[in-house]
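Proteins get letters first, then strands, A, B, ... in listed order; numbering begins at 1 in each.
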Amino acid sequence: MASLSYTFQEPFNLRKTFECGQIFRYVPANNFKTVYAPIRNRVVKIIQKSPKKLEIQSNRLEGLETLMDSFLRVDDNYKEMLEEIAIDTLMKKISFHCRGLRLLKQDLFECMFSFILSQCSNIPRIKKNLSTLVQDYGRKVNYENRRFYLFPTPEMLKGCDEEIFREMGFGYRAKYLSRIIDSCPDFLENKKSGEKFCLDCSLDTEELNKKLKSIYGVGQKVSDCVQLFAAGDLRLFPVDTWMKKFMKKYYCTQKKVSERKIRHKGQELFGKWAGYAQEFIFYYARTEEVFEKPKKPQKG
DNA sequence: ATCCAGGCATGCA
DNA sequence: TGCATGCCTGGA
């Protein structure tokens with residue numbers, strides 16, 4: 001077996017999936033017909049053979065299928081999701097527009113690190129910050145004459161203090177990250193195996209969310225993202241500035257609406273598929289330029 | 001030159 | 001609960 005193939009019932013679009021903002025480290029090639037992504041301990045090459053067909057190659061084949069089944073969320077009932085989030089004309093339109101966008105299930109440590117870094121930042125800067133980090137601390141992997149870096153394990157980052165992270169340009173987020181490196185949050189440590197930054201599956205949605213928020217530097221938005229993208233809990237509806245604009249315009253039209261209410265509204269509207277709805281809306285809001293900031297009026 | 005981003009902690013009503 | 005404020009840095 002030199003490669004692995006997937007045929008889906010519904011589209012799996014690489015461009016939409018990787019560009020929608022859920023993941024930061026990937027390298028598109030050949031106009032998104034191919035995407036390279038460092039995942040855990042290997043580099044994976046994902047090829048769009050057709051709208052519903054993907055082919056997977058990797059520098060490491062051992063355990064590849066299990067890893068990709070999880071990463072690609074092959075068990076999601078995508079068709080049902082598309083139908084269930086299309087609650088009205090607007091969402092039908094968005095659902096159609098985003099069809100093929102898939103949620104991925106990412107590594108917990110990398111995901112948490114990335115989203116803590118993301119606060120009050122922007123995608124180019126986040127990518128740049130992560131790139132600095134992995135070049136300094138990650139393991140280098142050459143694959144098809146390209147250079148990639150695996151995300152460093154917590155152990156590899158031992159000793160990274162606030163000062164070092166600040167020098168990497170992380171700003172005030174350095175404090176949060178160095179503290180996490182310093183000691184893994186208790187509930188993320190598997191007492192039996194000693195493994196760190198892994199999830200206790202016995203926790204329900206609200207329990208885990210509460211625990212994640214107890215981590216210094218992790219608030220509602222970051223915990224929701226981590227729980228959605230790394231714990232794979234699709235009920236989460238992270239509310240960022242884009243989501244605020246969208247929801248205020250269409251589904252929370254009262255004058256004063258808190259982020260709390262918006263989050264609740266999203267979960268109420270979309271139930272177990274709230275995470276997909278959120279990512280669809282986010283992708284839509286950013287690509288359709290309906291929410292672009294109005295240009296400042298020229299002086300004169 | 002300000003101003004503000006894919007938030008969060010802190011302190012206060 | 002809900003609000004205000006400061007926080008790093010880089011791009012508009």
Mark yes or no for a side-chain to base donor-acceptor pair under 3.5 Å between [X] and [N], with no hydrogen or angle criteria applied.
{"X": "A:Arg125", "N": "C:dT9", "result": "yes"}
{"X": "A:Tyr172", "N": "B:dG7", "result": "yes"}
{"X": "A:Arg173", "N": "B:dC8", "result": "no"}

Which nucleotide in the list B:dG6, B:dC8, C:dC3 gets nearest to the side chain of A:Tyr176?
->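 Within the option list, the nearest is B:dC8.
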
If you look at every strand shown and take non-hydrogen atoms under 4.0 Å, does A:Ile126 touch a base, only sugar-phosphate, or nothing?
->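 No contact.
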
Are any of A:Lys128's side-chain N or O atoms less than 4.0 Å away from OP1 or OP2 of C:dT9?
->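 No, because none of the side-chain N or O atoms of A:Lys128 sits under 4.0 Å from OP1 or OP2 of C:dT9.
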
Starting at CZ of A:Arg166 and ending at C1' of C:dG10, how long is that distance when rounded to a whole Å?
->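 Between C1' of C:dG10 and CZ of A:Arg166: 15 Å.
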
Worked check of side chain to side chain contact (heavy atoms under 4.5 Å, CB included) between A:Glu144 and A:Lys45 = CA-CA 10 Å; A:Glu144 293 189 346; A:Lys45 180 184 185 184; 3.2 Å; yes

Indicate whether any N or O donor in one side chain lies under 3.5 Å from an N or O acceptor in the other, for A:Asn41 and A:Arg139.
->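 Checked: A:Asn41/A:Arg139 side chains show no N/O donor-acceptor pair below 3.5 Å.
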
What interatomic distance, in whole Å, is found between P of B:dA9 and the corresponding atom of C:dG10?
->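 Here C:dG10 and B:dA9 have their P atoms 23 Å from each other.
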
Which class fits the ring pair A:Phe270 and A:Phe237: parallel under 30°, tilted 30 to 60°, perpendicular over 60°?
->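 Parallel: the ring planes of A:Phe270 and A:Phe237 meet at under 30°.
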
For A:Tyr216 and for A:Glu279, locate the closest nucleotide of DNA chain B by heavy-atom distance; then report the residue assigned to the nucleotide nearer the 5' terminus.
->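 Comparing both residues, the 5'-ward one is A:Glu279.
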
How would DNA chain C look in dot-bracket form, 5' to 3', counting Watson-Crick and G-U wobble pairs with both distances under 3.5 Å and writing | for bases paired to another strand?
-> |||||||.||||

